[in-house]
Engineer: 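Okay, handing you the structure first.
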Amino acid sequence: MAVAAVVNGGFREIVLVPRLGSYPAHVLSTLVLVVAIALISFLYFSRSAISFTRAELVLIGVVWVLLTTGFEFLVGYLEGTPVSTTLGQYNVLAGQVWILVPLTLLVSPLLFGWYLAG
């Protein structure tokens, strides 16, 4: 998923932003990443021989979210980006849609792991 996110970010900056502008590119890129996360999750859980419990699936989702947001804040810190700017990416009231990514990371394991097991 990390590779998909990096490729998606590169695609957004190189292809989408020059053609669509910053905000439309952000929205489209976020939706593309949500679909990619769901697809990767589906493929993983459909091929996994492991039988996960619901608690394990929830834990996997929580870990995915913590790793992703931790990485975002770490990179922001290393780049000198204020925490308020990074937190602003999650402000739905300001038109930000990035929150869909951690929500997808959180629910995908439970959705696909539980659904495909049943």
Side-chain angles (χ1 to χ4, degrees):
M1 281 190 245
V3 172
V6 169
V7 169
N8 182 55
F11 179 74
R12 178 188 63 240
E13 295 303 315
I14 294 168
V15 176
L16 296 179
V17 170
R19 287 172 176 75
L20 303 175
S22 186
Y23 183 72
H26 163 72
V27 172
L28 182 58
S29 175
T30 299
L31 295 176
V32 167
L33 187 54
V34 163
V35 170
I37 290 168
L39 180 62
I40 292 166
S41 297
F42 173 80
L43 291 172
Y44 173 76
F45 288 106
S46 67
R47 289 174 167 74
S48 176
I50 301 169
S51 179
F52 295 99
T53 66
R54 286 185 190 157
E56 290 169 331
L57 293 167
V58 169
L59 182 60
I60 290 168
V62 168
V63 168
W64 285 358
V65 169
L66 290 175
L67 289 172
T68 300
T69 55
F71 179 76
E72 286 179 79
F73 280 91
L74 176 64
V75 169
Y77 171 78
L78 294 174
E79 291 178 342
T81 304
V83 172
S84 60
T85 301
T86 305
L87 283 173
Q89 297 173 0
Y90 295 89
N91 188 351
V92 178
L93 298 177
Q96 298 297 319
V97 294
W98 179 253
I99 192 71
L100 294 173
V101 171
L103 288 174
T104 304
L105 288 166
L106 181 65
V107 231
S108 289
L110 185 59
L111 176 67
F112 295 116
W114 181 41
Y115 172 76
L116 295 170

Engineer: Do L110 and V62 sit in one hydrophobic cluster, given that two such residues count as connected whenever their side-chain heavy atoms are within less than 4.5 Å of each other, even indirectly?
Structural biologist: yes

Engineer: Let me confirm one number: the CD1-CG distance from I60 to L105, rounded to the nearest 0.5 Å.
Structural biologist: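 Reported value, rounded in 0.5 Å steps: 12.5 Å.
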
Engineer: Would you name the heavy atoms of V65 and P102 that are closest together and state the gap between them?
Structural biologist: CG2-O, 3.2 Å

Engineer: Do V107 and I40 belong together in a cluster built from hydrophobic side chains that touch within less than 4.5 Å?
Structural biologist: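 No, V107 does not connect to I40 through the hydrophobic network.
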
Engineer: Can you tell me how far the CG atom of L66 sits from the CG atom of L106, to the nearest 0.5 Å?
Structural biologist: 9.5 Å

Engineer: To the nearest 0.5 Å, how far apart are NE2 in H26 and CG in L31?
Structural biologist: 9.0 Å

Engineer: State, yes or no, whether a side-chain contact exists between M1 and T68 at a heavy-atom distance under 4.5 Å.
Structural biologist: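 The answer is no, as the side chains (C-beta and beyond) never meet within the 4.5 Å cut-off.
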
Engineer: Just how far is it from atom CZ of R12 to atom OG1 of T30, taken to the nearest 0.5 Å?
Structural biologist: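 The distance works out to 7.0 Å.
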
Engineer: Between L33 and A5, which heavy-atom pair has the shortest distance, and what is it?
Structural biologist: CD1-CA, 3.7 Å

Engineer: For F11, which residues count as a ring-ring contact (aromatic ring centres under 6.0 Å, His included) partner, sequence neighbours excluded?
Structural biologist: none

Engineer: Just verifying a value: how many Å separate F112 CZ and L43 CG, rounded to the nearest 0.5 Å?
Structural biologist: 9.0 Å

Engineer: Check for me, please, whether V7 and V32 land in the same ILVMFWY cluster - side-chain distances under 4.5 Å, paths through other members count.
Structural biologist: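 They do not share one cluster, since no chain of ILVMFWY contacts under 4.5 Å joins V7 to V32.
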
Engineer: Report the distance from atom CD1 of I99 to atom OG1 of T104, rounding to the nearest 0.5 Å.
Structural biologist: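 Interatomic distance, I99 CD1 to T104 OG1, rounded to 0.5 Å: 10.0 Å.
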
Engineer: On a heavy-atom basis, which atom in S41 and which in W64 lie closest, and how many Å separate them?
Structural biologist: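 Of all heavy-atom pairs spanning S41 and W64, the closest is OG-CZ3, 3.5 Å.
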
Engineer: Report, one line per pair, each donor and acceptor closer than 3.5 Å where one atom sits in a side chain of residues 70-78; sequence neighbours left out.
Structural biologist:
| residue | atom | partner | partner atom | Å |
| --- | --- | --- | --- | --- |
| E72 | OE1 | Y90 | OH | 3.3 |
| E72 | OE1 | W98 | NE1 | 3.0 |
| E72 | OE2 | Y90 | OH | 2.6 |
| E72 | OE2 | W98 | NE1 | 3.3 |

Engineer: Ignoring hydrogens, what is the shortest heavy-atom contact between S29 and N8? Give both atom names and the distance.
Structural biologist: OG-ND2, 2.8 Å

Engineer: Membership question, hydrophobic clusters at under 4.5 Å side-chain separation (ILVMFWY): are I14 and V3 in the same one?
Structural biologist: no

Engineer: So do the side chains of V101 and V34 get within less than 4.5 Å of each other, counting heavy atoms only?
Structural biologist: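 When only atoms from C-beta onward are counted, V34 and V101 do touch, with a gap below 4.5 Å.
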
Engineer: Cluster question for you: counting only ILVMFWY and a side-chain heavy-atom cut-off of under 4.5 Å, with indirect links fine, are L103 and V58 together?
Structural biologist: yes

Engineer: Which heavy atom of A38 sits nearest a heavy atom of S108, and at what distance?
Structural biologist: CA-OG, 4.1 Å

